[in-house]
Protein chains: 2
Amino acid sequence: MAKIKTAEKILMGATRLFAQHGYDGAIMDDLAEQCGVNKASIYYHHKDKITLYEHCLEALFTPIVDAIIVAVEQESGAQDKLAMHINTFAKESAAKPYFAAILMREMASGGTNLPVLARTQMQRILRLLKQVLAQGVDEKVFKKTEPLIVHFMIVGTINLFVATIPLRNALAMEEGCQSLKVSNVKPVGKQLAKTIIRSLLTDVTHPMPP
Amino acid sequence: MAKIKTAEKILMGATRLFAQHGYDGAIMDDLAEQCGVNKASIYYHHKDKITLYEHCLEALFTPIVDAIIVAVEQESGAQDKLAMHINTFAKESAAKPYFAAILMREMASGGTNLPVLARTQMQRILRLLKQVLAQGVDEKVFKKTEPLIVHFMIVGTINLFVATIPLRNALAMEEGCQSLKVSNVKPVGKQLAKTIIRSLLTDVTHPMPP
DNA sequence: AAAAAATGTAACTAATTAGTTAACTTTGTG
DNA sequence: CACAAAGTTAACTAATTAGTTACATTTTTT
């Protein structure tokens with residue numbers, strides 16, 4: 001069995017810490033302790049804190065965006081592409097919940113000091129969405145809309161859902177309110193896709209998602 | 001002309017700083033300097049950093065939630081109520097942009113260490129939404145849905161939109177892409193309301209928003 | 001086996017930062 | 001005006017934290 005390399009342990013631990021406490025709130029001594037790794041080892045593998053953060057973002061963002069692009073490419077119709085876009089974003093976010101937390105923090109900062117790489121990745125998603133929506137307009141299935149708003153609906157909704165899973169579980173415990181305890185993202189993605197597509201369709205006579 | 005009281009200056013400056021840099025990233029010396037106030041004055045008016053933060057949240061969250069509740073109460077039909085809910089949330093968020101940033105950060109932290117007061121305020125919004133949706137179901141205008149998902153769509157979309165205004169303006173400058181420079185929230189709220197209501201309506205023969 | 005790369009230890013530094021102190025100034029009130 | 005309470009100030013303390021250093025030990029590569 002291949003043992004987890006120190007560099008990998010550090011990257012994973014750092015991603016979790018940055019997601020939970022933000023860049024400033026993440027403390028390097030804590031990171032060392034939580035990964036069972038010496039602090040000097042962190043600095044052996046990563047130049048400094050900000051570089052480590054950038055490495056985390058790269059390792060986190062790139063494969064998610066890649067997965068979405070690949071998945072969307074497999075569909076042909078604009079409606080199917082859009083549904084796939086939304087559902088894959090939901091699936092990937094759920095599989096890597098630190099993505100949502102980190103992205104939300106970065107957006108909260110205005111995103112202006114977001115490392116170039118992470119910003120590029122977010123722009124790739126937006127560009128893809130624009131293409132899909134434009135295709136839909138060409139095919140006369142979708143109405144013309146502002147892609148940015150659709151993008152915000154997707155990212156905002158899914159991120160918020162994923163990031164608040166721990167909060168909602170805590171609330172459900174306190175209040176005995178089970179409806180809060182929705183932690184499966186799949187149906188959320190589905191309903192979101194349905195909602196967005198429904199509002200985009202030019203004509204209600206078009207085949208609608210059930 | 002009544003001069004702005006120090007306590008007020010501190011609260012406003014602190015809210016901005018917490019929104020921009022998060023709790024850990026906000027530095028008390030910076031706060032003092034930016035408000036043109038001595039650091040000791042901050043501690044004279046507010047016990048410590050965490051208490052100051054709680055004061056900021058209280059001053060920020062409560063009036064927003066109050067405004068939404070009041071606005072929704074003025075409508076009678078479920079559809080109008082929901083539209084008002086969304087549009088007022090959008091309007092209030094836009095008017096107090098630090099709200100979006102702070103809320104996003106708190107949600108990113110899982111919300112588990114969100115001060116009780118702020119959490120209560122968010123629950124008030126959710127409770128209101130639940131009532132409106134239930135009323136819609138009673139009136140046979142709305143389909144039955146998970147209120148939490150609708151809530152996330154509203155809060156997630158609007159928050160993301162408001163929080164990224166500075167980022168989008170920066171991007172628009174860089175790329176000359178004007179479509180990014182949408183900084184008026186009103187149409188976003190309107191489209192969001194339309195989208196959500198459209199997906200909730202039991203029947204397409206119901207009067208739909210244009 | 002020798003060399004090189006990776007990891008661990010533990011104490012250190014320099015800078016930052018939350019919070020304090022004690023003296024000082026302004027303001028409200030009889 | 002007098003004088004107490006409220007508010008403000010510069011300088012200080014104590015703790016925290018990013019990053020370092022010098023050296024020992026283990027693992028991997030050649």
Side-chain angles (χ1 to χ4, degrees), chain A residues 1-59 98 101-102 105-106 108-109 113-115 118, chain B residues 1-59 98 101-102 105-106 108-109 113-115 118:
Chain A
M1 170 188 142
K3 80 160 190 185
I4 302 164
K5 295 221 174 71
T6 304
E8 194 64 17
K9 270 199 289 188
I10 294 170
L11 211 63
M12 281 168 35
T15 306
R16 194 184 73 228
L17 216 62
F18 285 133
Q20 284 172 340
H21 305 287
Y23 180 78
D24 292 296
I27 285 145
M28 299 301 270
D29 289 85
D30 291 355
L31 174 59
E33 199 187 357
Q34 285 181 28
C35 316
V37 151
N38 193 273
K39 195 160 76 144
S41 293
I42 300 174
Y43 288 94
Y44 177 80
H45 287 286
H46 303 94
K47 188 171 163 279
D48 50 21
K49 192 180 178 182
I50 186 70
T51 310
L52 171 62
Y53 183 62
E54 282 164 12
H55 290 166
C56 290
L57 290 190
E58 174 151 8
Y98 301 138
I102 290 180
R105 277 183 209 283
E106 286 295 344
S109 301
N113 55 355
L114 188 74
Chain B
M1 172 187 141
K3 78 162 190 185
I4 302 164
K5 295 220 175 69
T6 303
E8 194 65 17
K9 271 201 288 189
I10 294 171
L11 210 64
M12 280 168 35
T15 306
R16 195 185 72 228
L17 215 63
F18 285 134
Q20 283 171 341
H21 305 288
Y23 180 79
D24 292 296
I27 285 143
M28 300 300 270
D29 288 85
D30 291 355
L31 174 60
E33 199 187 356
Q34 285 181 30
C35 313
V37 150
N38 193 274
K39 194 160 75 144
S41 291
I42 301 174
Y43 288 93
Y44 175 80
H45 288 285
H46 303 95
K47 186 171 164 278
D48 51 20
K49 193 181 179 181
I50 187 70
T51 310
L52 170 62
Y53 184 61
E54 282 164 12
H55 290 166
C56 290
L57 290 190
E58 175 152 8
Y98 301 139
I102 290 181
R105 277 183 208 282
E106 286 296 344
S109 300
N113 55 354
L114 189 74

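Residue numbers begin at 1 in each chain, while the letters A, B, ... track the order of the sequences. The figures here come from the full heavy-atom set of this structure, side chains too, leaving out hydrogens, waters and symmetry mates.
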Trainee: After noting the C-alpha distance and the side-chain angles of A:Thr6 and A:Ile42, does the key distance pass the side chain to side chain contact (heavy atoms under 4.5 Å, CB included) rule?
Mentor: CA-CA 9 Å; A:Thr6 304; A:Ile42 300 174; over 6 Å; no
Trainee: Mind listing the closest non-hydrogen atom pair of A:Asp48 and A:Tyr43 along with its distance?
Mentor: CA-CE2, 4.0 Å
Trainee: Heavy atom of residues 22-49 of chain A under 4.0 Å from DNA chain C: which residues?
Mentor: A:Asn38, A:Ala40, A:Ser41, A:Tyr44, A:His45
Trainee: I'd like to check the side-chain contact (heavy atoms from CB on, under 4.5 Å) partners of A:Asp30; sequence neighbours left out, ordered by chain and number.
Mentor: A:Leu17, A:Ile27, A:Gln34
Trainee: Hey, what do you get for OH (B:Tyr23) to CG (B:Leu57), rounding to the nearest 0.5 Å?
Mentor: 11.0 Å
Trainee: Hey, what do you get for NE2 (A:His21) to CZ (A:Arg16), rounding to the nearest 0.5 Å?
Mentor: 8.0 Å
